[in-house]
Amino acid sequence: MALNRIDDQMKFRTRAIHVGNAPDPQTGAVVQPIHPATTFIQPGAGEWGKFDYSRSGNPTRSAVQETLASLEGGCGALAFSSGMAATHCATMLLKSGEHIVAGQDIYGGSYRLFHKVCNQAGIEVTLADLQDLNSLDAAIRPTTRMIWLESIGNPRLTVPDLPAIIQLAQARSLLVAVDNTFASPALLRPLELGADIVMHSATKSLGGHSDCLAGVLAVREKSLLDKLYFIQNATGAVLSPFDAFLLGRGLKTLELRVHEQCRTALRIAQCLESHPMVTRVLYPGLTSHPDHQRATELLNGGFGSIITFEAKCDFETTRRIVKSTKLFGLAVSLGAAESLIEQPATMSHASYDAAARVKAGITDSLIRLSIGLEDFDDLSADLDQALRGGN
Amino acid sequence: MKIKQSPNSTVVSGEPKSVRQGTSTISVHAGESRSKPSDAITDSIVCSSTYTFQDTQSIIDFIEEKQPREEYGRYGNPNEKVVEAKLAALDGGEDAIVFSSGMAAIVGLLMAKLSAGDEIVFFDQCYHRSREFCYKHLARFGVVTHQVKTGDFAAMEAAMNDRTKLLVSESPTNPHLTCIDLEQFVALGKSHNVETLIDATLATPFNLRPLDYEVDYVLHSATKYLGGHNDLLAGSITGSKPQLESIRTLRGIMGGINSPHNLYLLQRGLKTFELRMQRHNENGQAIAEFLENHPRIERVYYPGLASHPSHEIAKRTMRGFGGLVTFLVRNADWRQTADVIDRVKIPRIGPSLGGVESLIEQPLVMSYYQQTPENRQKFGIDDNMIRMACGIENADDLIEDLRQALDQ
């Protein structure tokens, strides 16, 4: 039986369904079995089969890694128990005394990892304004090994000039690691632009159903993949077989979900922009966004499902607004079927120091929306009632 | 595509005030509580086989229907209640019952509603296992089945008598995709005071809502488009609460209930229901049009084509026509037809339909291999017939694949 008859010439959506999902040779099952086994019988002492121990490799995890590598255009991918586990694995490529330059507009959890965990291992971090290549250049030291950035920043939704940053990094022999969580490979594939590593919190749009925590590193070159695999196997934060199954199942509708969310998000952003209770909307799909032009060039067919806006009110009223929606759930996370709302200052970015929050533009009245799969009409009506009632 | 009847909004049951919401809002939220245990965003999977009581009085309160709650897993579970409410909302029905498979659902309904001496009239294009159950098993319990030509209402009426209890049809039918004029179907039932059942598996509530036409019962094999990922078996019946009550009671005795894990996957599948259906409809239409213009194709059955006998009914009553496309290969015997199937690269060869992965099969081989040629001819299963269940892959990839399989 042909195990995998789908070549890489197939379109994105076809690959999302078929690559890494070859029919099960034993049963013909159209969906791969879930292999909960922790260990595998070996052909002989000192002889190793394809799988030996589940931390080192598991068929269900391998299958989803194959799909992820194909979708990101990498030579391979590794699946982790969470996005932070994946990020941590990437930082462990560095030695004590080496240095990371990271974007200013990054997830609070990455900020915390860099400043409160990696620093203890002697790894130094500088945050730079990636919108300004001179500032990035100035932050690079002789010990710098890696540039860490988000392809769409969080929460201000900046879209850095990825090709220019990659060019700069390659000239200095630096690794470029891109957190592609907000964009997803449906909109942007940094490895194809020359980035070395793509990180995903696959908990978000890749899983897409708010029901599995997962992280991914997709890698451009085999030698780097081997190093990361070594670290993953040595440290052990691997994705469970059950979650690998759910992640693979979610990937099959990734493109449909992301494009639908982008369409709805653009319309919601446009509504908010003309709403009397809103002072400012940050969405890369709006012409008012400083990076709109670049986002149009870089992102394929949409601008993501996250909208950040500033309400015309104080801290307490903002808290009331985020509590008074009926469809949007008050929760962190994003990229799900269910729409979510949150206040970055007290929720997703609470792990920033107060001063860093101000510097990153995270004000008290900032609200972040994650647009789900519900109807636009239902979502806009819900936001409108919350904004009007919240005043 | 011009569709008159647009089943894209409904009333979410269980809301204090009736709120009309879009299909995708229903499929994401309907039936789910806003505040869940541990404040989780998704429903938990409640695996418990039995449910305990605080004290003897709470058992008595439950039996006296003062306190609705779970009792024992065979009578229902919390995951099932969510899915049932979602399916009821999508179909625009008052209630839904979920079973362990589509066959368990239709058998559950027939066993609950029919007694020895009763008769049913069934349009003849249908899933072969439904037919088999009626002729081989219902017959053993003294229930008589009459099958008449699909869409022939005069023949259906002629087969009815004062023992007739139920009129049954699929719409669209499998594999010929004939669409039934539901107004006529329901009118015939009502005029004789006989209940009606439509198996709308191939339509789904996205494309057609038979309850809007006052059909009594709607059956779905939820294994197909509703689950949508080729990874669970489930069946459902939607209708009014009083009419479904006896079916629910009998299910508790016969035991064809679905499992909490499976129901969670079904609920998860429903979150992308509208997106998937839009794509299945687009792919079905694109593949049907491609095949109709291909010189090696003798005939295509797809209700979205003007050449299909049901095109007018389908256009009038459906929002889209689904992912199933049936076609005949020109001047091909069964083996030459099988060769086409063996050459495709993307669709997997197998029964079933409605999942994200495309599937392809030859009805002669897959479902009618052990039947006599006469029987095959009677059910319109031609030697050169192929049934393709379009998934949600890119249509261009599917068309290219079919082209290379046909051109070799």
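Throughout, a chain's letter reflects where its sequence line sits, starting with A, and its residues are numbered from 1. Keep in mind that what you see is a predicted model, and the values were worked out from it rather than measured.
- Considering all non-hydrogen atoms of both residues, Gly335(A) and Ser370(A) come closest at N-OG, 3.1 Å.
- For the set Glu357(B), Arg34(B), Glu32(B), the count of heavy-atom pairs under 4.5 angstrom toward chain A peaks at Arg34(B).
- There is no contact between Leu379(A) and chain B, counting heavy-atom distances below 4.5 Å.
- Using a 4.5 Å cut-off between heavy atoms, Leu232(B) touches chain A through its side chain atoms alone.
- Side-chain polar atoms of Thr14(A) and Lys11(A) form no donor-acceptor pair below 3.5 angstrom.
- When heavy atoms are compared at a cutoff of 4.5 Å, Phe245(A) approaches chain B solely by way of its side chain, counted from C-beta outward.
- Side chains of Asn300(A) and Arg189(A): no donor on one and acceptor on the other come within 3.5 Å.
- The residue among Thr272(B), Asp397(B), Val28(B) with the most heavy atom pairs within less than 4.5 Å of chain A is Asp397(B).
- Side chains of Thr204(B) and Asn207(B): no donor on one and acceptor on the other come within 3.5 Å.
- Residue contact with chain A, scored on non-hydrogen atoms closer than 4.5 Å, involves the side chain of Arg279(B) exclusively.
- Among Thr42(B), Ile392(B), Leu398(B), Asp39(B), the residue making the largest number of heavy-atom pairs under 4.5 Å with chain A is Ile392(B).
- Contact annotation for His29(B): only side-chain heavy atoms (C-beta onward) come within less than 4.5 Å of a heavy atom of chain A.
- For the pair Arg276(B) and Tyr225(B), the cation does not sit on the ring face, since its NZ or CZ is not both under 6.0 Å from the ring centre and inside 45° of the axis.
- Listed options Asn230(B), Asp231(B), Asp401(B) were ranked by heavy-atom pairs under 4.5 angstrom with chain A; first place goes to Asp231(B).
- Side-chain atoms of Asp43(B) and Gln267(B) form a donor-acceptor pair, as typed in the model, at a separation below 3.5 Å.
- For Asn394(B) and Glu255(A), the side-chain atoms include no donor-acceptor pair closer than 3.5 Å.
- Only the side chain of Leu359(B) comes within less than 4.5 Å of a heavy atom of chain A; its backbone N, CA, C and O stay farther away.
- Using a 3.5 Å distance cut-off with no hydrogens or angles, the side chains of Ser201(A) and Lys204(A) do pair a donor with an acceptor.
- When each of Arg268(B), Lys271(B), Gln278(B), His229(B) is checked for heavy-atom pairs under 4.5 Å with chain A, Arg268(B) comes out on top.
- Asp396(B) touches chain A through its side chain: at least one heavy atom from C-beta onward sits under 4.5 Å away, while N, CA, C and O do not.
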